[in-house]
Each structure stands twice: as structure tokens, then as C-alpha cells.
**Q** 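Below is one structure. I have some questions about it.
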Amino acid sequence: MDFLTELAATLLTQFQKPTLAFLIGGMLLAAFGSKLEVPEPVYKFVVMLLLLKVGLGAGMSVREADVVALAVPAFFAAVLGVVIVLVGGRTLTLWSGVSRMDGMATAGLFGAVSASTLAAGMATLDAEGVAYEGFIGALYPFMDIAALVTAIALARMSAQRGLAAVSSGGAATMTMGSGSASGVDGDVVRTILTDTFRSPAISALVIGLAIGVFARPDAVFESFYQPMFHGLLSILMLIMGMEAWARLSELKKVAHAYILYAVTAPILHGLMGLGLGVVAHHMTGFSAGGVTLLAIMAASSSDISGPPTLRAALPEANPSAYVGASTGLGTPVAILSIPLFMALSDWLIGF
Amino acid sequence: MDFLTELAATLLTQFQKPTLAFLIGGMLLAAFGSKLEVPEPVYKFVVMLLLLKVGLGAGMSVREADVVALAVPAFFAAVLGVVIVLVGGRTLTLWSGVSRMDGMATAGLFGAVSASTLAAGMATLDAEGVAYEGFIGALYPFMDIAALVTAIALARMSAQRGLAAVSSGGAATMTMGSGSASGVDGDVVRTILTDTFRSPAISALVIGLAIGVFARPDAVFESFYQPMFHGLLSILMLIMGMEAWARLSELKKVAHAYILYAVTAPILHGLMGLGLGVVAHHMTGFSAGGVTLLAIMAASSSDISGPPTLRAALPEANPSAYVGASTGLGTPVAILSIPLFMALSDWLIGF
Amino acid sequence: MDFLTELAATLLTQFQKPTLAFLIGGMLLAAFGSKLEVPEPVYKFVVMLLLLKVGLGAGMSVREADVVALAVPAFFAAVLGVVIVLVGGRTLTLWSGVSRMDGMATAGLFGAVSASTLAAGMATLDAEGVAYEGFIGALYPFMDIAALVTAIALARMSAQRGLAAVSSGGAATMTMGSGSASGVDGDVVRTILTDTFRSPAISALVIGLAIGVFARPDAVFESFYQPMFHGLLSILMLIMGMEAWARLSELKKVAHAYILYAVTAPILHGLMGLGLGVVAHHMTGFSAGGVTLLAIMAASSSDISGPPTLRAALPEANPSAYVGASTGLGTPVAILSIPLFMALSDWLIGF
């Protein structure tokens, strides 16, 4: 009971924190029909700066990091990405009205990572003075890429199987169907990997990571990227809030399954992340702050890098379904549950 | 005589202050035909950041403000907005060649508030180390909305009356004319209020205000919004200067009445603001810095939120007239007279 | 031998400096086919802020500068601009396959100055704690304008001479040819000067310079322009790297002469700048840091203000040749040779 009271108090204070306040502010603006908008080029630039900052910070920490301390959470991050997609894809397609393609695309986005949610988590921990491993940003691509590759490969394979079944019935064009099906493991995976690394979000993160590891950007990081971080994040939260509200209406057009999934999945994925994080804590001394951020990463769903990759790889899937579920509900639910994962990590391990 | 010498010296030093220097710099650039331009998306973002900053700062102060200390200046701000429009609309339409619609639209803009002029005033007071009430930014919407609603409602009513007169002559469609005329008080006012609150400028200001009052954005305010303020304002002044010069040529196409009005009105409105500010000073101890800013707000004419609202509400009015008068002359005159209002406040009350 | 080892060590450390690291990072991104891009409006704004900063800083220093100390390097800067164009134009047109027009345009760009290369040089010296004259930024227009005017005037004159030769053969329209030829000195030069001063880059620099000299922008310079400088430069370097890589492919379409010129000219021009800088050092005590920056300015080739001016003035010239050579090879070679000029200045004069 005492724990619940404390949890409620923590949640209440968290909603007053800039990060959540700006997110809710953005939602209110959109709900009221405000014409305020952050121009697209500025939005792209703000995201790029945030990702460079996360990458640079992670790179600078990786330089000094213990290989084992980094390898265990990185492996768990990849495992989370794969498992979330497998479970999510299977669960969503149980519902009638959800096509296998749409289900896999949605599960792929929920397995992938949201840079803004991760940044919001970092900012919240910073504000509380909770320490975490500097290399956390380096875990992002492991989870993100594992999830997107799994989702796209599975969706492609099931599409081929469907095609093959149809073909064997008609006894024609058999070769083409099976040919592509066997090609899934090689070419398709390579294409997805290349597309993902070339996407603006992962590119910015990885180049930041590389500069952080191989160069000495410490001065410009301290004088520019670090001080700009919280301010730009507040702007991004305002945008996310407006965007989430706008996407909600799209969700109403598709099956209710997506709404149920988008509200519950972030919490469940976060708890899975929390569980594996606690295992990493006992294996390599992964910090409570790190566990919180692994949970937040698992809870988050991709809003920047994921959608264009999916649109290119799975053109048959319906963006209203997967983008609506992810941006309209998944992201705000994940951001709003940051205080929950903080409270749980503190309770389980202690900051 | 001694006062005049001092005034001249103050004016001279003020023109060297960054705010005015960048404004004049922008005018010189435009006069010389420079191709330098600040891209539209960046301009919108700079304005949004400035308004969020003013709103956040005001909101954080309102939290601790005395209700009476805030209510008196807020009431006077609204009164100024209404009176400026009533006097201005009447004066302008005395001239031949000025239609009632154009006159009301112009008076509406001169009654509304310019975020950049207000920000320039704050920056100038900051640079001089003059204190003012933190809640000043919260007065903005009172004056701005009062002026726009008055102008649009009066213009609409007079248009209806004109229509009614024509109709009664022809003895037809009488009902429609009177029907709309009676609707002015209800629907029209509600539409104007909604449009004004939804406009990007007022939205940004009000959401900043709300976050400032209900959340705890102090950390991000100190680390980002506050330090960026003067820098972004210098950019905005450069833009305003270029814009003012470009608009001047449009003014030449319309009646000379606008030029005379645009040059004298800001000074007269500022003196009216100064007068009511001094009354507030004696009633609630409103500071000399606050009086200066109330005068500057009254002197300013809307350049961001006003024009689109007017264009939507009064499509018959000529934008070359009202935007030309406001942006081309009104805003630079108001900004350049900031030192005057400072000197007068200092003289009347003392900083 | 000892000097060479030291030089190699210095070069190696320099590549780890943020400036060069971000440049190389941008090249890697482009080479890998990344879809990361900095939106055009943001790019323009970043360049404008950097040029305002360089101009403001220079202006504030000019206020206190000794006229002679400024005049000698300024004169040398103009001489360098003229000589680089004369030598370059002559050298390039020796090759077959290089038209006189294309050769002069390319030499003009290599004589003009790159704001980003100069900014990169300043940032590198700042990071090393090497002092230099604050007025260095004021030398920029002397070299830039001298080079562009020389290149365009010579190209125009030789085009007229060609036309005159053709005309005298045909014995017709003689008057027009000679009429325009004699007009080169007057009207053409005035047009080029006006165009150059109106270009966004020179405008931003000159207005910054003017505000720095005549106003007191010190507070906003310290609180905004100075702290943003290194961060925005890192973004600009990322863009330059990506742009350079993209332009390289254009270079392959034109004569190989451009590739050879673009790789060697920056080094040779830098050495010429270094030589005149050392002369200025002995005449007026021009600092070793100033000598380094004069060399970097001479080594740099214009990437922002030059190309549009040339495109307008010499529409017959092939942009793939001059922009490809300058942005694709000249700028990265110049930026990458910053450590070389630093080491040489230190060796010749001593920081």
C-alpha cells in the first residue's frame, strides 16, 4: 500500500517534469485545434541533433567501457527486439480484421526503438540525478535493427508462402515463388540491414557513435550538444504530443485490436526489458539507471526510423494501422510510463 | 532642457544596443538590396521559441503572483486594446480614400501586440538591469485579443449596417441582413476568440503560460529558453528590419493617411499605456519597468498573430494597407521608441 | 626528420579534432549512401549564424585595431585574391579540354574564400589555445571580392576579345563588340561588386562587421554567437563532407586537369598566403595565428558566395567543372591541410 502511495506521488511529480509537461501540452494544443506547427525542416534538424548527441555520448563512453559490461545488455537488447516482434506479430494476427502483413508491421514498430522516448528517459533520469551507463545509446541499434529485420523477414516469408500456396494450386509460376522464398534469408536481410543503416535516424546515431569512439568530440559535446539537449527535447515532446493526437483519429478507422495492443504492449514490453535488465544487473553489475533505460527502450515504439523503412519494405501494409498505433498511442503511453519503470527499478535494485 | 539632453544621450546609446542595432542592420540590408534571407521555417521556429520563452517566464511568475497585482494591469491592458481600436478606427476613416473596413483592420493591428517588440523591450530592460514583473508576458493576450475582437466585431457590424441600408432601399432580403447583424455579438465573437487562441502566436504563448503555471519547467527554462532568448531576438530583429523595408513600398500605393497614422500612433498609444501604467503603479505598486513594458505593448502593432486572423475575418480589407502600415512603419517606430518610454518611466516613477 | 615525425603526429591528432572528424564523418555517410540530410533552410541559417559571428567578432576587434596592423594584411589578402586568379586562370587554360571561361571561373572560386574553411581554422586554433588577431574576419571580403572581380572581369574581357576577333573577320557588328569591351572596366566591375556585396554570405559578414564596429553587440555575442559557434560548425562540417562526396562524381565528367588543380592548388595557395603572412609578421607584428589563418583563407575556395555570383556573371561557364572542383575537392583538401599550415606557422614564427 505504502509502495502504491509512493508510486502515485512519483507519477504526479513526473507529470510536472518538463518532458511530460511538454508532451501533454502538445496534445492539448492539437485537441484544441491550434494552428501552431513546428516546420518539417526544423523537426528533422532537432531529431538529428538529439540523435547525434545520444550517439556521441554513447561513443565517448564505449571508448572506456568494459567489453563484457557492454556485450551483455547489447545481446539482451537484440533479444528483446526479436521476442517483442515474434510475440506481437502472433498476438495481433489472432484478431479477425488484422492482416498478417499489418500485424507484423505493427509488431516491428513496437519492437523498434523511439529516439525521443529514449531521450525523454535520459532527461528524466538526469533531472533526478540517477546515474546510468554512458554507453546506453549504443544499445539502440541492436534492439532497433533486430526488431525491424525480424518483422520484415517474417512478413516477407509469410507472403511468399501464401504466394507459393496459391501457385501450387494453379500449378504454374512455381519456380518464381520458391526462388524468392529461399532468397529471404540472404538478399532480403541484407537489403533491410542496408536500408536501416542508411535511414536518417540510424545514420545520425551511428556516425555520432563513430565520432565519439574514434575522435575527441568532448569539447563540442560539452559546449553545444549537452546544453541544447533538454531544450530541443522539450520542443520535440511538443511535436510528439501534437502528432500523437493527430494520429489517434487514424486509429479509429482500423480494427480495435490495434488500440488494445498499443495501450498494453508498451507496459508489457517495458516489464520484459526490466526483467532482462535485472538479469544483466546480476551478471555484470548493470546499473539501476541502465535497467530503467533498457525497459524504456523496450517499451518505446519507433516513430522516426521505423515507418519509412517499413513503408519501403512492406508496401502492402496499411500505415494508418502501424503508424497510428505506434505514434498515436504507443509513444505517448511509453513516455508517460517512464516514471513507472523508474519506480520499479528503484524498488527492485535501488538507485 | 537638461531632460532633453539626457533623453538624446539615452536615445543615442540605445541605438547601439544589440536589439536596435540589428533592426537597423536589417533595414540597411534590405535598402541595399541584399539577397540575405532567413528561411521561413527558421523564422517561424525562432518566433515560436521566443513566445514559448515569454509564456513560460510569465507562467512561472503567475504561480507566485498576487492576484490583485496581476488583475489591475491585465484589466488596463484589455482597456488599452479596446480604446486604441475605437479611437484609431474613427480617426482613420475621417480621411477620404480610407474605407471603413481598411481603417478598422489597421486600427485592430495597432491595438494588438507584437511579440517581437515586447521581447525587444524586455531585452532592453534586462540589459539596463531594470526589474519588471515576471508576469508581464501574461498581459499580452488580454490586450491582443481585446483589440482584435473589437476591430473585427465593429467592422463586421458596420458592414452589416451598410448591407441593411442597401437592402432597406431595395426592400428585399431584409431578414438576412438583420439576422446576421444580431448574430454579431454571439457567433462572430466566439469565432474570433477561437481563431485567435488557435493562431500560432497566441497558442505558443498560452501553452508556455500553462506549462509555466502547472508544471515545473524551471530547469529547461534556465538552461535553454533563457540563454537562447537574446540571440534569437537579434536574428528576429534582423528579419523585422528587412521585412519593414520591404513593406514600406507597399504603403506608397495606399492613402497617405496610413503613413501619418503609422508614424504617430505608436507614440500616442505608448503614452496612453504609460498613463494607465502610472495609475496601476499608484494602485498596486506596478513597477516602473512594468509601466515601460505596458507602454511598449500599447505602442506595438501586431506582426505575427494579427495579420492572418484579420485576413480570415475581414477578407474585404486590403492587406497592403494594414500590413504595410503595421510591419512597414508601426513596428520599427515602436521598437525605436523603446528608449523614449524607458526615459519617461524613469522620469515619472524612477527605476 | 624530427620535424616530419612531429608533423605526422600533429596531423594524426588533428584528424581526431571535432572539425575534421565531422568532415570525414560526413564523407563516410555519403559514401555509404546514408539518407541523412540537413534540410536546406537549416543549412542556410547555420551558415548565416556562422558568418554573423565571424563578422561581429571582427567588427568588435576592428573598433580597437591599429589601422596599420589591419591595413597590411588586408592589402595582402586582396593581392592574394588577384594573384591566385591570374596564375590559376593561366595554368588551367594550358590544358586542352579546358575552356578559357571554365578555367577563369574555377580560378575565381579558388581565389575566393570559404567561410566554413575559415571558421574551421579559427575553431582549430581556439582548441589549441593559439591567439590570433580578432579582425581576421574583416580580411575575408578583401580576398573574396578581389578574386571574384578579377576572374569575372578577365573572363568577360577575353569573351569580348573573342567576339571582336570574330567580328573583325566578318567585318560586321564591329561597334557592339568594341563598345562592350571598353565597358568592362566600368559597368561590369560595378555590377560584380554590387552582386558580391548583395550575396547572402558577404551581406551577413558585412552587416555583422558593421554592427560590431558601430554598435555594442558584446553581450549577445558572448551569450549566443560565441557558444553556438563550435556546435554549428560541427553540423556544417558534416554537411560539407556529404556535399563534397556528392560533388566528386560530377568532377569525373570533366577534364582531369580540374582534379589535379583542385588537389594541388589549395596547398600552393596556402603556402603563398603563409609567405605574405610572414612578410606581414615582420612588417607589423602580425601574429603566427593570424599568419595561419591568412594561409587557410588563401588555401580555401568559395563554396557559398562564389558559385551563385559566377553563375550569374558567367552563364557560359560549366558549373560541374568549377563547383565540382571547388566543393568536391578544393574545400576538403583545404580543411584537411589546416594542421599543415598550423605546423608551418609554428615552425617559422612560433605561436
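In what follows, chains are A, B, ... by sequence order, proteins preceding strands, each numbered from 1.
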**Q** Please report the interatomic distance CZ(F45(A)) to CZ(F45(B)), rounded to the nearest 0.5 Å.
**A**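 The CZ atom of F45(B) is 9.5 Å from CZ of F45(A), to the nearest 0.5 Å.
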**Q** Quick check on F214(B) against chain A: is it the side chain, the backbone, both or neither that has a heavy atom closer than 4.5 Å?
**A**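 Interface part for F214(B): backbone (N, CA, C, O).
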**Q** Give, for atom CE of M242(A) and atom CD1 of I207(B), the distance between the pair rounded to the nearest 0.5 Å.
**A**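 Rounded to the nearest 0.5 Å, the CE-CD1 separation comes to 9.0 Å.
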**Q** So for F22(A), is it side chain, backbone, both, or neither that comes closer than 4.5 Å to the heavy atoms of chain B?
**A**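 Interface part for F22(A): both.
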**Q** Give, as side chain, backbone, both or neither, the part of P227(A) having an atom under 4.5 angstrom from any heavy atom of chain B.
**A**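 For P227(A), the contact with chain B is made by the backbone alone.
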**Q** Heavy-atom count check: over 12 atoms from other residues, nucleotides or ligands less than 6.0 Å from Y225(A) OH?
**A**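 Result for OH/Y225(A): enclosed.
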**Q** Could you tell me which portion of A204(B) (side chain, backbone, both or neither) has an atom closer than 4.5 angstrom to a non-hydrogen atom of chain A?
**A**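 Both backbone and side chain.
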**Q** Assign the ring pair F32(A) / F197(B) to parallel, tilted or perpendicular, where the plane angle (0 to 90°) is split at 30° and 60°.
**A**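 F32(A) and F197(B): perpendicular rings.
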**Q** To the closest 0.5 Å, what do you measure between OG (S234(A)) and CG (L49(B))?
**A**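 With rounding to 0.5 Å, OG (S234(A)) is 8.0 Å from CG (L49(B)).
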**Q** Answer yes or no: is there a side-chain heavy-atom contact under 4.5 Å between L238(A) and L52(B)?
**A**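 Contact flag for L238(A)/L52(B) side chains = yes.
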**Q** Of all the heavy-atom pairs spanning L36(A) and P200(B), show the shortest one and how long it is.
**A**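 Scanning both residues, the minimum pair turns out to be CD1-O, 3.5 Å.
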**Q** To the closest 0.5 Å, what do you measure between CD1 (I24(A)) and CD1 (I211(B))?
**A**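 Nearest 0.5 Å value for the CD1-CD1 distance: 9.0 Å.
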**Q** Heavy-atom cut-off 4.5 Å, strictly under: side chain, backbone, both or neither for I202(B) against chain A?
**A**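 Interface part for I202(B): neither.
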**Q** So do H230(A) and F224(B) actually touch side chain to side chain, heavy atoms under 4.5 Å?
**A**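 No, their side chains stay 4.5 Å or more apart.
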**Q** Would you give the length of the straight line joining atom CD of E37(A) to atom CE of M48(B), rounded to the nearest 0.5 angstrom?
**A**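 Rounded to the nearest 0.5 Å, the CD-CE separation comes out at 10.5 Å.
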**Q** State the OG-NZ distance between S199(B) and K35(A), to the nearest 0.5 angstrom.
**A**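 Going from the OG atom of S199(B) to the NZ atom of K35(A) covers 7.5 Å.
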